[in-house]
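Written out below as structure tokens is the structure these notes cover.
Below, chains carry the letters A, B, ... as their sequence lines are ordered, and counting in each starts from 1.
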Protein chains: 2
Amino acid sequence: MTDRNALDTLQRYGIHPSVQRIAIMDYLLKHCTHPTVDEVYVALGKDIPTLSKTTVYNTLRLFAEHGAAQMLTIDEKKVCFDGVVTSHAHFMCKRCGRLMDVQLPGCFQECQPAEADFIVEETHLYYKGVCKSCAHKVNA
Amino acid sequence: MTDRNALDTLQRYGIHPSVQRIAIMDYLLKHCTHPTVDEVYVALGKDIPTLSKTTVYNTLRLFAEHGAAQMLTIDEKKVCFDGVVTSHAHFMCKRCGRLMDVQLPGCFQECQPAEADFIVEETHLYYKGVCKSCAHKVNA
DNA sequence: TATTTGCATTGTAAACAATACAAATTTATA
DNA sequence: TATAAATTTGTATTGTTTACAATGCAAATA
């Protein structure tokens, strides 16, 4: 039932389905690696040879606008996308560049900005550092 | 005492001073507007006509690497820099695009990732939404 | 005072991400 | 089926960032 899940997700967020949109959402749901536009484009290009990169850009942006995906700007080089939209934090390893999901700290619920001068729509929390497997490697 | 402060800051972070580096740090310390590379470049170009944009890129990156400045990737369009390196959060208004400092919520000290699989070097917390002055405007 | 050394700066070229836009295609609707 | 609307495609373009080679400059050494 591969794209059933994807189709459901699109409909749940009020996004008109199409072959491309289903494929992209399906990819997001199946690959929790926080892919970039290019990664999605290259991966899906095998199945959909006519796929245009512009479509991937537009579609992922559309997903983010509808709340069906999260746009992550943690790495300054490239924007990544996350199909998991429930609240969670991220960790980026400065050595290998990988982006990983992290559970939100328990205390986080109350962590809203002290000032009342803003209407908060999104909260982003992430860490940067060195992941375990990189820390184990000898070379600095 | 304009660049005295800047000079001190550079030395404190082990950065060799130079005319350009002092000027750029001085700008960062005086303008808490989270400027982009281009903003710094344009602003300082008046005083240092020979300044190269590459130098601004290199210098700000150098500052960030030495912990003398913070690199902010909140806006997916452009990287911003913050001369304030003490812990604080940010708020970005989706309408006007402004980036503002926000006090860290009191509970935040304990907010370290639950997993022990990472060596955390940086913690980033920010919010996106609508700022007060934009919320007051009539037009959506 | 010359020479050397090494880092900093400059400026151009190139890589790359992202967007704009118009044509082509597909889908929905009458 | 015809028509309109929405989506996709592909190219051209913009703009940011990096790579790199050449130059400048200042402190150290001869």
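- To the nearest angstrom, P of C:dT9 lies 12 Å from CG of B:Leu44.
- Among all heavy-atom pairs drawn from A:Ala6 and A:Ile22, the shortest one is CB-O, 3.7 Å.
- A side-chain hydrogen bond (donor to acceptor under 3.5 Å, both in side chains) check over residues 12-23 of chain B, counting only residues at least two apart or in different chains, returns nothing.
- Regarding B:Asp75, its CG atom lies at a distance of 18 Å from the P atom of C:dA17, rounded to whole Å.
- In the helix from C:dT1-D:dA30 to C:dA30-D:dT1, the rotation axis of the first five pairs and that of the last five pairs differ in direction by 10°, rounded to 10 degrees.
- Spacing between atom CG of A:Leu60 and atom P of C:dT19 amounts to 11 Å, rounded to whole angstrom units.
- In this structure, B:Met92 shares a hydrophobic cluster with A:Leu72, A:Ile74, A:Met92, A:Leu99, A:Tyr126, B:Leu72, B:Ile74, B:Leu99, B:Tyr126, the cluster being traced through Ile, Leu, Val, Met, Phe, Trp and Tyr side chains under 4.5 angstrom apart.
- Here the C1' atom of nucleotide C:dA18 and the CE atom of A:Met71 are 11 Å apart, to the nearest Å.
- Between B:Ala68 and B:Met25 the shortest heavy-atom distance is O-CE, 3.7 Å.
- By the side chain to side chain contact (heavy atoms under 4.5 Å, CB included) test, A:Ser87 is found to be paired with A:Leu104, residues two or more places apart in sequence or in another chain being considered.
- By the side chain to side chain donor-acceptor pair (under 3.5 Å) test, A:Ser52 pairs with no residue at all, sequence neighbours left out.
- Counting to the nearest Å, the P atom of C:dA8 and the CD1 atom of B:Ile22 are 13 Å from each other.
- Within the structure, the salt bridge (Lys or Arg N to Asp or Glu O under 4.0 Å) test picks out no pair touching residues 55-65 of chain B (sequence neighbours left out).
- Residue A:Val84 belongs to no hydrophobic cluster, having no ILVMFWY side-chain heavy atom closer than 4.5 Å to its own.
- Listed candidates were C:dA18, C:dT9, C:dT19. Nearest to the side chain of A:Val79 is C:dA18.
- Applying the salt bridge (Lys or Arg N to Asp or Glu O under 4.0 Å) test to pairs two or more places apart or on separate chains, those with a residue in residues 66-94 of chain B are A:Glu121-B:Lys94, A:Glu122-B:Lys94.
- Nucleotides of DNA chain D lying under 4.0 Å from heavy atoms of chain B occupy a range whose first and last members, 5' to 3', are D:dT16 to D:dA19.
- Toward the 5′ end of DNA chain C lies the nearest nucleotide of B:Thr59, the other residue of the pair B:Thr59 and B:Glu76 mapping further downstream.
- C:dA18 atom C1' lies 16 Å from atom NZ of B:Lys78, rounded to whole Å.
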Table of protein N/O atoms under 3.5 Å from nucleotides 10-16 of chain C N/O atoms:
unit_1	atom_1	unit_2	atom_2	d
C:dT10	OP1	B:Gln20	NE2	3.3
C:dT10	OP1	B:Thr50	O	3.1
C:dT10	OP1	B:Thr50	OG1	3.3
C:dT10	OP2	B:Ser52	N	3.2
C:dT10	OP2	B:Thr55	OG1	2.7
C:dT10	O5'	B:Thr50	O	3.3
C:dG11	N7	B:Ser52	OG	3.3
C:dG11	N7	B:Thr54	OG1	3.4
C:dG11	O6	B:Thr54	OG1	3.4
C:dT12	O4	B:Thr54	OG1	3.4

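- By the ring pair (Phe, Tyr, Trp, His ring centres under 6.0 Å) test, A:Tyr57 pairs with no residue at all, sequence neighbours left out.
- Listed by first then second residue, pairs satisfying ring-ring contact (aromatic ring centres under 6.0 Å, His included) with a partner in residues 20-50 of chain A read A:Tyr27-A:His31, A:His34-A:His90, not counting sequence neighbours.
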